[in-house]
Amino acid sequence: MTQIVLNEVRKSYGDVEVIHGIDLTVDSGEFVVFVGPSGCGKSTLLRIIAGLEDITSGAVQIDGDVVNHVTASDRGLAMVFQSYALYPHMSVYKNMAFGLENSKMPKSEIDARVREAAGMLQITDYLDRKPKALSGGQRQRVAIGRAIVRDPKAFLFDEPLSNLDAELRVTMRKELAALHSKIGGTMIYVTHDQTEAMTLADKIVVLQGGRVEQAGRPLDLYNTPQNVFVAGFIGSPRMNLIEAVAEAEGDGLALVAGGTRVRLPAMAGISAGDRVTYGIRPEHVILTDSAEGADMSVTIALSEQLGGETYLYCNAEGLPQLTVHQLGQLPIEEGQALHLRFDRPRMHLFGADGQVIANGVAA
Amino acid sequence: MADTTADRRSIAALVTARRGRGKLHWTDVFTYAYLVFGVLLMFGPVVWLVLSSFKSPAGLVEFPPTLLPLGQVSVTVEGYDDPLPLFLTTLEDGTQKELAQVRRIGIVSQMVDPENPGETIRVPIDQREPIREFRLATENYVDPLQRFNFTRYLWNSVVVTTLATLVTLLINSMAAYGLSIYEFKGRNAIMLFVIGTLMIPITVILVPVYLVVTQLGMVNSLWAVILPGAATPTGVFLLRQYMLTIPRDLIEAARMDKASEWQIYWRVVMPLAMPAVAVLAIFSIMWRWNEFLWPLIVLNRSEVYTLQVGLNAFQGELDVQWHYILAMTVVTLIPVVLVFAFLQRFITTGIASSGMK
Ligand SMILES: Nc1ncnc2c1ncn2[C@@H]1O[C@H](COP(=O)(O)OP(=O)(O)OP(=O)(O)O)[C@@H](O)[C@H]1O
Ligand SMILES: [Mg+2]
């Protein structure tokens with residue numbers, strides 16, 4: 001069991017700093033997922049932990065020891081690469097045994113371990129094949145098997161599923177989750193797919209531009225995003241985010257955007273004239289029958305009827321397109337006008353700096 | 001990556017391949033003519049060399065030259081100790097007869113009928129035609145190999161070529177590994193420097209290298225031939241460029257797998273660089289096998305001669321023993337051909353497919 005701690009880790013390539021001081025704790029046995037858009041530094045951070053990349057300043061600790069100057073091979077971690085990085089000239093068996101041979105393990109034990117891991121991943125039949133003769137999913141298993149046999153202190157995965165087709169991805173995702181509960185072990189997993197992050201993680205770390213935007217349990221990130229970026233990134237389809245200006249109205253406020261006004265009670269952190277962003281998830285938008293009590297009126301640009309659920313894409317003047325999610329089938333056609341109401345306790349308000357003002361508003 | 005062995009066609013299908021099906025298209029005719037021309041151009045001299053190497057010294061200088069190695073038929077005739085050469089002779093009365101020649105005096109030769117050895121016949125030499133048969137002058141090969149110590153030269157050449165190639169591959173691949181896998185300041189500068197040495201012709205460094213070799217006491221030992229040329233800029237360049245194409249992930253995966261640098265080099269990078277190594281091996285073998293100037297300079301005793309230097313010995317100032325030279329040239333060609341035939345498949349099959357789709 002292994003705890004990994006990052007202290008103020010920075011990394012520059014030449015003059016360009018790509019990791020801007022990251023503090024992070026990965027607890028023993030935890031499944032931590034790094035998510036973020038492309039180029040945000042996920043892989044770099046993972047490689048820093050692996051020891052494949054030097055850091056410019058800060059400290060990486062594994063089980064309390066600073067390992068800044070410990071080489072990748074001596075950190076005792078295992079990594080699964082996005083490209084799988086299987087040795088093409090070695091059979092599957094050799095691929096899995098290579099790491100063990102390097103640590104001078106007796107042949108019989110290597111054999112036992114490889115066969116056990118192969119059994120667990122159902123690749124026993126392919127042990128004699130070369131990676132070239134395997135399908136993508138099988139290669140993926142071999143890559144994972146190569147990590148498992150070493151019984152490492154922690155597993156590092158860099159977008160391991162991104163080369164698989166959608167269906168296989170779902171299967172492998174479940175298997176990874178099962179694997180984690182079976183062998184325990186600290187795991188750090190990099191992905192840019194927030195669904196993967198939500199389903200797999202004990203803890204999600206949302207990265208952007210080399211900074212941690214927010215770290216926490218998946219549902220905490222979903223329910224209480226700390227900034228606009230996390231609000232927009234976590235959840236699929238993404239949260240509707242609307243930039244507005246606050247105006248005083250009666251003893252409360254109105255958020256004005258385009259031709260729409262959303263009335264709110266007075267609240268701390270917002271005063272008239274402020275620029276704010278309010279967010280509402282598609283499933284928290286309520287359809288109302290009349291303009292009375294509605295927050296805005298829209299026309300349907302597109303309605304996607306999936307049978308069990310319906311997605312409506314709505315246009316309102318001066319606003320970005322809004323997504324509405326409803327359960328069941330709705331007799332709604334494109335071009336139709338609708339009245340929407342936002343569920344106040346589920347609304348999120350963010351200030352001009354993008355930081356949260358409130359997650360949930362009084363009704 | 002394409003698997004070249006997968007659709008291996010039969011040779012018959014290959015040499016009768018045409019554009020489309022059905023009739024010969026004019027491009028087919030053109031293509032085949034061109035290819036046949038190419039084959040003649042490439043293989044003509046080699047075939048000519050091999051055929052000539054089996055000719056006797058007399059056969060070699062004959063004009064017009066014959067294609068096949070021919071030898072004159074001779075018979076033993078009663079009353080003569082040595083076998084006599086047989087001629088097809090046109091007699092004065094116009095009949096033709098096979099006669100053996102006893103001796104030739106000026107433009108007249110004394111002939112004898114093998115069936116009737118008692119009487120000699122005098123015939124003008126333009127009235128007779130030698131009777132010849134296909135005969136391989138194997139003594140061209142046997143003599144140098146047995147009498148002139150050529151097996152020794154052959155052995156020396158084999159030793160030099162094998163050892164030198166092994167050393168070359170090892171040194172060059174290690175240099176290439178360092179210059180491709182590690183990232184450090186000045187890496188490209190060093191590479192440029194290495195390649196820059198190509199600009200220095202061997203003739204310029206001949207004397208300094210000779211002095212070094214003498215100082216090291218290696219003159220007249222095979223090491224004097226093997227070591228000085230072991231590190232080649234071409235080899236380093238070739239291998240480095242190839243190693244640069246090996247996915248970095250593989251190296252990093254090996255690092256994560258606790259592989260030492262030596263293991264990464266030996267068990268991951270070298271097997272993957274095999275196509276380039278094979279190319280370099282072929283080059284090195286050809287360079288070393290054909291090397292002449294440097295061995296000629298540092299090898300002065302005949303026990304350490306390599307084949308090329310040994311061949312030179314047949315080329316006296318006054319008399320060139322072409323039949324031996326040709327035969328031994330064929331001998332020197334054989335290993336190179338064999339090596340090429342064996343290694344060329346490594347060049348064409350890209351085993352670099354990294355298992356990554
Ligand atoms: N060797 C390098 N030299 C300079 N900049 C680099 C280098 N490697 C990465 N970067 C930069 O560092 C940033 C982070 O890269 P990184 O590979 O970690 O992104 P990522 O989050 O893994 O993206 P993706 O999801 O596309 O894999 C990028 O902006 C990239 O341009
Ligand atoms: Mg990445």
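Nothing here was measured: the structure is a model prediction, and the numbers come from that model. In what follows, every chain begins at residue 1, and chains take the letters A, B, ... in the order their sequences are listed.
The environment of CG in A/Asp128 is sparse: at most 12 heavy-atom neighbours from other residues, nucleotides or ligands sit within 6.0 Å. Other residues, nucleotides and ligands contribute over 12 non-hydrogen atoms within 6.0 Å of the OH atom of B/Tyr32. The neighbour count for B/Phe237 CZ, taken as heavy atoms of other residues, nucleotides or ligands under 6.0 Å away, does not exceed 12. More than 12 heavy atoms of other residues, nucleotides or ligands shown are found within 6.0 angstrom of CZ on B/Phe292. The number of heavy-atom neighbours closer than 6.0 Å to CZ of B/Phe43, taken from other residues, nucleotides and ligands shown, is 12 or below. The neighbour count for B/Phe184 CZ, taken as heavy atoms of other residues, nucleotides or ligands under 6.0 Å away, is above 12. Within 6.0 Å of CD on A/Glu116 lie no more than 12 heavy atoms contributed by other residues, nucleotides or ligands. Within a 6.0 Å sphere centred on OH of B/Tyr182, other residues, nucleotides and ligands contribute more than 12 heavy atoms.
No donor-acceptor distance shorter than 3.5 angstrom exists from the side chain of A/Tyr87 to the backbone of B/Leu272, with no hydrogens or angles considered. The main-chain N or O of A/Ser73 is found under 3.5 Å from a side-chain atom of B/Lys258 such that the two form a donor-acceptor pair. Between the side chain of B/Asp249 and the main chain of A/Ala85, no donor-acceptor pair closer than 3.5 Å is present. The closest donor-acceptor contact from the side chain of A/His89 to the backbone of B/Arg267 lies under 3.5 Å.
With a 4.5 angstrom heavy-atom cutoff, A/Ala78 touches chain B only via backbone atoms. Of the two parts of A/Arg75, neither the backbone nor the side chain holds a non-hydrogen atom closer than 4.5 Å to a non-hydrogen atom of chain B.
The CG atom of A/Leu52 sits 11.5 Å away from the CD1 atom of B/Ile251 when rounded to the nearest 0.5 Å.
For the pair A/Pro88 and B/Leu250, the minimum side-chain heavy-atom distance is below 4.5 Å.
Highest contact tally toward chain A, considering only B/Arg248, B/Glu252, B/Arg255, is held by B/Glu252 [criterion: heavy-atom pairs under 4.5 Å]. Heavy-atom pairs under 4.5 Å with chain B were tallied for A/Gln82, A/Glu101, A/Lys130; the largest tally goes to A/Glu101.
When all heavy atoms of B/Asp257 and A/Asn102 are compared, the pair lying nearest together is O-ND2, 3.0 Å.
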